[in-house]
Amino acid sequence: MYAFLRRLAGAPTSISPLRSYASLTPRDVMRNTSDETGTLLTRFAKHIALERHRDREHVLPKTTVRYADFFPITDDRHFQRSVQETDAAQLPALIILASSYRSNAAVPMYVAALNTLDARAESQLKKMDTNTVLETLYSFLFLMPGWMKRMDFYQAAVQRLAKENYSDNKERFVQVCFYLGLQKKQVQLPNDFQELLETQLEGHLPALSELDLAVISNAAYKTSTVVTGEARKPYESALVDAVLNLELTEESGALLISFVKALRLQRVMDDRVCHHLQDICMDPNKIALIEPRGLAHIFSFFAEQLWDHKECLNVLIEQLMTVLKPGQLRAKDLATFLWASAQLDCELSPQHVRQLELAALRKLDHGEYDYFPDNLVDTCLSLCTLGHYSKDLIDAAEKLKANQRQTRAQPKVDSRLTVLRSAVAIEQSSMAHHKTEKAFKEFERAPTYLLRERTDLRKYALDLSQDSEVEGVDLVCPISGINLPSLRVQTMGEHASVYFVELLTANQTLKFSKKPTSLLRLKKRLLESLGHKVVVLNSAEMATNAKELQQLLKPAAEAGDESEIVQGVSN
């Protein structure tokens, strides 16, 4: 069905009746060239070529097709008949021959030839053994690496290959993973690739070379395939070892980033990897070997690991802002960069913040957010967390979300937009579309699902409620959209007061500064903007009673509370 709809989008011509329903159009060929494919893909393709020849089952029949029997094409109908008569086993050789025809062919005729070869290969798929399928895929990869995933044969072939068993053939397993990874998003294979990895990867891990593992991990990342089950731990250990043992050179830098991206996808938390990447960033010679986009992935990895080593982050940000101009970033990359900066509480200069805002405004003018309003919402929220509000960007985010055709639910994006609205209403009421009363609800009870894994918070609420000086303790979510429960504590006596207590878990605390993560810092700032007192405690170091909490508030008020976390008195 997807192939049929895609074909209908092709521009019809008079060259061939197949052209109206073909995988490729002349516009595709004129707009794209094989030279535009990434260097990493080229390197992986060369590795796949070697894997084919290492494969002990790689046996092909003798080539019988000749260039002169098919090319140059003088009559497209004759060419189609000739292709239709070609045996399935000879198709890989014929596809390779087509590469020599391209330089002498008119674009419409060449595209007609490609579509004819694609249609014939797809029709013969059932007659091909696995070896011929892989050889045909490689031939199309050799012919047109940038377009291959659009071919109908490719779509049908990877669905078949994903269901076969390669437990006794490492070379074939690596090849199949490579081809599965080209589709980027698993539209038609939501479970097959994951099942393939979970059932067959573990057995191959000891025999995988560094490049083998890079091919597989890159495919998993591109298709968002998380390895679970029994294969998960050995796979993650192999990724960690690959990062730690990799000898960094100009060529291996891209492999390092492939491993880092796979670790991000698997959500692996490992200080050894952070230390290793930090050493790379702090060494001028080594950091120069990593491409700018690779540095952005390392920056994001640090943010996910809550690794806020100040000196390292300063070097990384300076390198990124110098080498990788914000205008060169994709909208998604820009949003991720800003999120990582906010998460790790990076000290961006006003010039850097303005530079990033201008980059976002240019992308807005160029329509880069039109179909991806989530990237714009994330960008606005991160700027807001960093203390910067851009009215033009915020208004555009509201408009895009309002006009967006909801083809699927986006609860996370909607939640972030609600947080942004709350922040604007509280701190920038002049540009707000919503009233402050909607943003701040002091007695809004925390939903039960948020408290299921917060036994520390519930126990602390119970302990405080039994204090004779405490009139009441409520578990609340006072800022609309920020689903992080707080304790609203109301005391009695001569110095009666109301204040909020934020109890940090390990996942909400930055590694070195011990500050809260970005959303909690924003929440604290918004509550204080409304005139409320806030105490932030580590869940392992809690004040034992109301008096101690009151004492913690005094120095904060006197000193202006420059630090984020007030260290509580341990019991």
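- Under the 30°/60° scheme for interplanar angles, the aromatic rings of Phe153 and Phe140 are found to be tilted.
- Note that OG of Ser217 and CG of Leu265 are 10.0 Å apart. Values are rounded to the nearest 0.5 Å.
- Cys281 and Val315 get closest at one heavy-atom pair: O-CG1, 3.3 Å.
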Q: Take Glu368 and Lys332 through the side chain to side chain contact (heavy atoms under 4.5 Å, CB included) test and state the conclusion after the steps.
A: CA-CA 10 Å; Glu368 293 184 39; Lys332 180 180 179 180; over 6 Å; no

Q. Would Asp87 and Thr64 satisfy side chain to side chain contact (heavy atoms under 4.5 Å, CB included), going step by step from the backbone distance to the final call?
A. CA-CA 10 Å; Asp87 185 76; Thr64 59; over 6 Å; no

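- The minimum heavy-atom distance linking Lys163 with Asp192 is given by the pair CE-OD2, 3.2 Å.
- A salt bridge is defined here as a Lys NZ or Arg NE, NH1 or NH2 lying under 4.0 Å from an Asp or Glu carboxylate O, and Lys233 with Glu236 fails to meet this definition.
- Residues Phe301 and Leu277 form a side-chain contact, since some pair of their non-hydrogen atoms from C-beta on lies under 4.5 Å apart.
- No more than 12 heavy atoms of other residues, nucleotides or ligands sit less than 6.0 Å from atom CD of Glu230.
- Within the 3.5 Å criterion, the main-chain N or O of Tyr166 finds a donor-acceptor partner in the side chain of Gln200.
- Judged purely by distance below 3.5 Å, without hydrogens or angles, the side chains of Thr132 and Asp129 pair a donor atom with an acceptor atom.
- For the residue pair Thr130 and Glu164, a side-chain donor N or O sits within less than 3.5 Å of a side-chain acceptor on the partner.
- Dense packing is recorded around CZ of Arg54, with more than 12 heavy atoms of other residues, nucleotides or ligands lying under 6.0 Å away.
- Nearest heavy-atom pair, Pro92 versus Ala88, reported as atom, atom and distance to 0.1 Å: CD-O, 3.7 Å.
- Rounding to the nearest 0.5 Å places NE2 of His276 at 8.5 Å from CG of Asn245.
- Proximity of Leu239 to Val260: side-chain heavy atoms (C-beta onward) are nowhere separated by under 4.5 Å.
- Side-chain N or O atoms of Ser99 include one that pairs as donor or acceptor with a backbone N or O of Ile96 at under 3.5 Å.
- The pair Asp365-Arg362 fails the salt-bridge criterion, with no side-chain N (NZ, NE, NH1 or NH2) lying under 4.0 Å from an Asp/Glu carboxylate O.
- Under a 3.5 Å cut-off, the side chain of Glu198 and the backbone N or O of Thr228 do form a donor-acceptor pair.
- In this structure the side chain of Leu117 reaches within 4.5 angstrom of the side chain of Leu94, judged on heavy atoms.
- Taking 4.5 Å as the limit, some side-chain heavy atom of Glu251 sits within range of a side-chain heavy atom of Arg43.
- Within 6.0 Å of CD on Glu304 lie more than 12 heavy atoms contributed by other residues, nucleotides or ligands.
- The closest donor-acceptor contact from the side chain of Ser252 to the backbone of Thr249 lies under 3.5 Å.
- Checked against the 6.0 Å centroid threshold, Phe71 and Phe79 count as a close aromatic pair.
- Residues Leu196 and Leu180 form a side-chain contact, since some pair of their non-hydrogen atoms from C-beta on lies under 4.5 Å apart.
- Residues Phe178 and Ile216 have side chains not in contact (no heavy-atom distance under 4.5 Å, counting atoms from C-beta outward).
- Side-chain atoms of Tyr67 do not come within 3.5 Å of backbone N or O of Pro72 as any donor-acceptor pair.
- Looking at Val240 and Val243, their side chains never come closer than 4.5 Å, going by heavy atoms from C-beta outward.
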Q) Can Gln343 and Leu306 be said to form a side chain to side chain contact (heavy atoms under 4.5 Å, CB included), step by step? A) CA-CA 8 Å; Gln343 178 78 326; Leu306 307 180; 3.7 Å; yes

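- Within the 3.5 Å criterion, the main-chain N or O of Ser167 finds no donor-acceptor partner in the side chain of Arg172.
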Q: Start with the C-alpha gap between Ser139 and Thr136, add the side-chain angles, then the distance that decides, and say whether side chain to side chain donor-acceptor pair (under 3.5 Å) holds.
A: CA-CA 5 Å; Ser139 298; Thr136 306; 5.9 Å; no

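- Ser82 contributes atom OG, which lies 14.0 Å from atom CZ of Arg77 (distance to the nearest 0.5 angstrom).
- The heavy-atom pair separating Tyr369 from Lys363 by the smallest distance is CE1-CB, 3.6 Å.
- Of the possible donor and acceptor atoms, one in the side chain of Gln266 sits under 3.5 Å from a partner among the backbone N and O of Val227.
- Note that the NZ atom of Lys412 and the CG atom of Asp414 stand 12.5 Å from one another [nearest 0.5 Å].
- A donor-acceptor contact shorter than 3.5 Å is absent between the side chain of Thr225 and the backbone of Tyr221.
- Side-chain atoms of His204 and Asp212 form no donor-acceptor pair, as typed in the model, at a separation below 3.5 Å.
- Leu213 CG to Ser209 OG: the interatomic distance, rounded to the nearest 0.5 Å, is 8.5 Å.
- Cation-pi geometry between Arg52 and Tyr138 is met: the NZ or CZ atom falls under 6.0 Å from the ring centre, inside 45° of the normal.
- Salt bridge present: Glu51 and Lys170 bring a charged side-chain N and a carboxylate O closer than 4.0 Å.
- Between Tyr110 and Tyr101, the ring planes are tilted. Angles from 30° to 60° get that label.
- Arg160 CZ to Met128 CE: the interatomic distance, rounded to the nearest 0.5 Å, is 8.5 Å.
- With 3.5 Å as the limit, one finds no donor-acceptor pair spanning the side chains of Asp392 and Ser390.
- A donor atom on one side chain and an acceptor atom on the other are not found under 3.5 Å apart for Thr418 and Ser415.
- Side chains of Val413 and Lys401 form a contact here, defined as non-hydrogen atoms less than 4.5 Å apart.
- Ala231 approaches Leu197 most closely through the heavy-atom pair CB-O, 4.0 Å.
- Other residues, nucleotides and ligands place no more than 12 heavy atoms under 6.0 Å from the CD atom of Glu291.
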Q.
side chain to side chain contact (heavy atoms under 4.5 Å, CB included) for Ile290 and Leu248? Distances and angles first, verdict last.
A. CA-CA 9 Å; Ile290 307 294; Leu248 189 60; 3.8 Å; yes

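- One N or O on the side chain of Arg120 and one on the backbone of Thr86 form a donor-acceptor pair closer than 3.5 Å.
- Here Phe337 and Phe299 bring their ring centres to under 6.0 angstrom of each other.
- The minimum heavy-atom distance linking Ala335 with Asn375 is given by the pair CB-O, 3.7 Å.
- Using a distance-only test at 3.5 Å, with no hydrogens or angles considered, a donor-acceptor pair links the side chain of Tyr154 to the main chain of Tyr179.
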